[in-house]
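Here the structure comes first, spelled out in structure tokens, and everything after it is commentary.
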Amino acid sequence: MQIVILKDSASVAEYGANIFIKQLQKKADSVLGLATGSTPVSLYQGLIAANKAKQISFAGVKTFNLDEYLGLEGTHPQSYRYFMNEQLFDHIDIDKSRTFVPPGDAENPIEACQGYEEQIKAAGGIDIQLLGIGRNGHIGFNEPSSGLMSRTRVKTLTKATIDDNARFFKVGEYQPHLSITMGIGTILDAKKVVLLATGENKADAIKATVEGALTAACPASALQLHQDAVLVIDEAAASKLTDCDFYKHIEAENQKLLAKLGL
Ligand SMILES: N[C@@H]1[C@@H](O)[C@H](O)[C@@H](COP(=O)(O)O)O[C@@H]1O
């Protein structure tokens, strides 16, 4: 796991956006795994700016989102499809028929999960997967106790996640308690994984992800098994890490080596 600790959330977004910009410059037909939540919003703004400045194009790209609420149509303002259109797809040169979000309105969600896995496979697999993290260590909607080899499936949300996401729903508005999410195994199949976390309320989850045991109790700890996982976090999210200075030292050495190799 590569751990990059930066001073604030703006630096995290910029660093994360640069990883995606480089990926698209290297491979114009990349398959991107995308995430929702408030954390990736500034990264998406960086990608929109790079697209407008013609540094990158999304014309050859395919995208797969991690998850969606079960029971919400894509036109619902709280659906993740709606979020992605608003935060990214409506502002870049992407063909929306090449953007995939698990179908929250599927008549048969179980079949739809299998179909989603097949679509990812048919696209050649995900080149780079963006992740946020829940306070309880969830990735996508893989809540604690999720199987570490799980695939796309219907998942019940914990009370903590429902409470955390309640801020996006109006008082009295129906808030789903079920979701369709890529599994942890699906996420681990991505060639590269980039997890962003900012703020003190993510510090426990980051501590468990980096320095805790590999356990279904913290789904993000499964990234310890990935051969190319990068955690880009701010000082606040890193504040409970025991070996913070060591991670900063490793990253400085990495950067020196990359500069020496001209990469
Ligand atoms: N399903 C999403 C996750 O993919 C996201 O990582 C998490 C954290 O969101 P935020 O970035 O707003 O803290 O929220 C939701 O539960």
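Just the heavy atoms: all of them, side chains too, but no hydrogens, waters or symmetry mates, feed the values below. Both ligands and their constituent atoms are indexed starting at 1 by order of listing.
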Glu117 vs Thr186, side chain to side chain donor-acceptor pair (under 3.5 Å): CA-CA, chis, key distance, verdict: CA-CA 8 Å; Glu117 287 280 333; Thr186 321; 2.7 Å; yes
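- Ionic pairing of Glu118 and Lys121 is not present here: no N-O contact between side-chain nitrogen and carboxylate oxygen is shorter than 4.0 angstrom.
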Stepwise side chain to side chain donor-acceptor pair (under 3.5 Å) check, Asp234 with Thr198: CA-CA 5 Å; Asp234 67 359; Thr198 59; 4.6 Å; no
Side chain to side chain contact (heavy atoms under 4.5 Å, CB included) between Cys218 and Thr209, worked out: CA-CA 7 Å; Cys218 174; Thr209 301; 3.7 Å; yes
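- The side-chain hydrogen bond (donor to acceptor under 3.5 Å, both in side chains) test applied to Lys54 returns no partner, not counting sequence neighbours.
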Could you pull out the N/O contacts under 3.5 angstrom between ligand 1 and the surrounding protein atoms?
from     : atom 1 : to     : atom 2 : distance (Å)
ligand 1 : 1 (N)  : Asp67  : OD2    : 2.8
ligand 1 : 1 (N)  : Gly140 : O      : 3.3
ligand 1 : 6 (O)  : Ile133 : N      : 3.2
ligand 1 : 11 (O) : Ser38  : N      : 3.3
ligand 1 : 11 (O) : Thr39  : N      : 3.0
ligand 1 : 11 (O) : Thr39  : OG1    : 2.5
ligand 1 : 12 (O) : Ser38  : N      : 2.8
ligand 1 : 12 (O) : Ser38  : OG     : 2.6
ligand 1 : 12 (O) : Arg167 : NH2    : 3.1
ligand 1 : 13 (O) : Lys202 : NZ     : 2.6
ligand 1 : 16 (O) : His138 : NE2    : 3.0
ligand 1 : 16 (O) : Asn165 : ND2    : 3.4

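- More than 12 heavy atoms of other residues, nucleotides or ligands shown are found within 6.0 angstrom of CZ on Phe169.
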